[in-house]
Amino acid sequence: MSRIYNFSAGPAILPEPVLREAADEMLEYGDSSVSVMEMSHRSATFETLLRACEADLRALMDIPDNYAVLFLQGGASLQFAMAPMNLMRNGKADYLVTGSWSKKAADEAGRFGDVFIPVDGKSQQYTAIPDLDEAVIRDDADYVFICENETIYGCQYPALPRVKGKDIVADLSSCICSEPIDVSRYALIFAGAQKNLGPAGVTIVILRKDLIRDDLHSDVPTLLNYKTYHDNQSLYNTPPAYAIYICGKVLRWLREEGGLPEMQRRNQAKAELLYDYLDKSRLFSATVVNPSFRSLMNVPFVSGNPDLDTAFLKLAKSNGLHELKGHRSVGGMRASIYNAMPIEGIEALISCMRRFEDGERI
Ligand SMILES: *Cc1c(COP(=O)(O)O)cnc(C)c1O
């Protein structure tokens, strides 16, 4: 068996100990005589597993008791619809557009209400988070939306913006659990699991409980109402059981490795190593993003010449460094270096870039 370094933006690398454990338990989970995939979601065994997953996430992120943790399906993209459906009371929300994902979220919310865009980073090709004058936030906006880390452009908020005390709804798909955050500063956090938490198929929602409503419009489908998941502890219908099981293992792994302060330390060390190299390189450059807004998780870089980019991707792949091609809308390269990417992966990448600079080709 040979495993490569997987730099994919998502679905992404998972911790190897998690995969090994899952492999060991594939035919029989504990003494249940079945795989988790075959198990009733109403069984005591699965219920225990689900509650442990929630408890580990609460402990890791220090989630206050007045927040619900929900396990949903439909990816972060469905949250682009669910958030406005559930949280718009005045029918208005302000969206800070800092890249493709916040743009998609704003477009989707526009189907449900009046969306105002106080800042749009498009004129700077999303290479920086534009300054926000909070005076422009509408007084009757129900919330302000942000995408904290724009996965495609590799552009991240260095700190939460000031939004006139409005509730913040945040897409954390590609940065959840990469460093400690103060959950109480958000109203709603959501994240598709497949970047930093587990396999595709489960979406994590962390929601302040006072925002769970009894008075939603009757057109809102049962499964698109947060209250359904809250009232039924994420077991109204069949949840994505296997994805939750793997997330539980990743969360346990994160705790055993030292929790989010330790992840932050490692992620900063990894990012620093890579950006440092790129800043000094004669050939490669990461200045596609303004250095003040560089993502810890997704590092886009270019050689400045598409033919050289292609040649580098070929050399990288032959060295076991996979999925480094940049998003089709940006080009160049992108290294996604989530929690599960060991520093050895960054070292191998840098070594390959060095050799490419020195003329190595295949
Ligand atoms: C990947 C991604 C999405 C889309 O996630 P799906 O689970 O595929 O819907 C949304 N937002 C961000 C920030 C992402 O990185």
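Each ligand, and each atom within it, is numbered from 1 in the order the structure gives.
With values rounded to the nearest 0.5 angstrom, Ile181 atom CD1 is found 8.5 Å from Leu260 atom CG.
In this structure, Gly121 and Pro130 approach most closely via the heavy-atom pair CA-CG, 3.6 Å.
Among protein heavy atoms, atom 11 (N) of ligand 1 sits closest to Asp171 OD2, 2.5 Å. Summary of contacts: the protein heavy atom closest to atom 9 (O) of ligand 1 is Ser77 OG, 2.6 Å. The protein non-hydrogen atom at the shortest distance from atom 5 (O) of ligand 1 is Ala76 CB, 3.5 Å.
Note on ligand 1: Cys147 sits in its first shell, one or more heavy atoms being nearer than 4.0 Å. Taking 4.0 Å as the cut-off, Ile152 does not count as a neighbour of ligand 1 on heavy-atom distance. Ligand 1 has at least one atom lying under 4.0 Å from a heavy atom of Gln194.
Contact annotation: for Leu78 versus ligand 1, there are no heavy atoms closer than 4.0 Å.
Put simply, the side chain of Asn86 gets close to the backbone of Leu224: a donor and an acceptor are under 3.5 Å apart.
Counting atoms of ligand 1 from 1 in the listed order, those under 4.0 Å from a heavy atom of Asn149 are 13 (C). Heavy-atom proximity to Lys195, at under 4.0 Å, picks out these atoms of ligand 1: 1 (C), 2 (C), 3 (C), 14 (C), 15 (O). Taking a cut-off of under 4.0 Å to the non-hydrogen atoms of Thr151, the atoms of ligand 1 that pass are 12 (C), 13 (C), 14 (C), 15 (O). Atoms of ligand 1 found under 4.0 Å from any heavy atom of Gly75, numbered from 1 in the order shown, are 7 (O), 9 (O).
Aromatic ring pairs are classed by plane angle as parallel below 30°, tilted from 30° to 60° and perpendicular above 60°; the pair Tyr95 and Phe145 is parallel. Aromatic ring orientation, Phe301 versus Phe284: perpendicular (interplanar angle above 60°, classes split at 30° and 60°).
Here the two rings, on Tyr226 and Tyr229, have centers that are 6.0 Å apart or farther.
For Asp139 and Lys92, the salt-bridge test fails: no basic side-chain N is under 4.0 Å from an acidic carboxylate O.
Hydrophobic clustering of Ile, Leu, Val, Met, Phe, Trp and Tyr side chains at less than 4.5 Å, counting indirect connections, unites Tyr277 with Tyr275.
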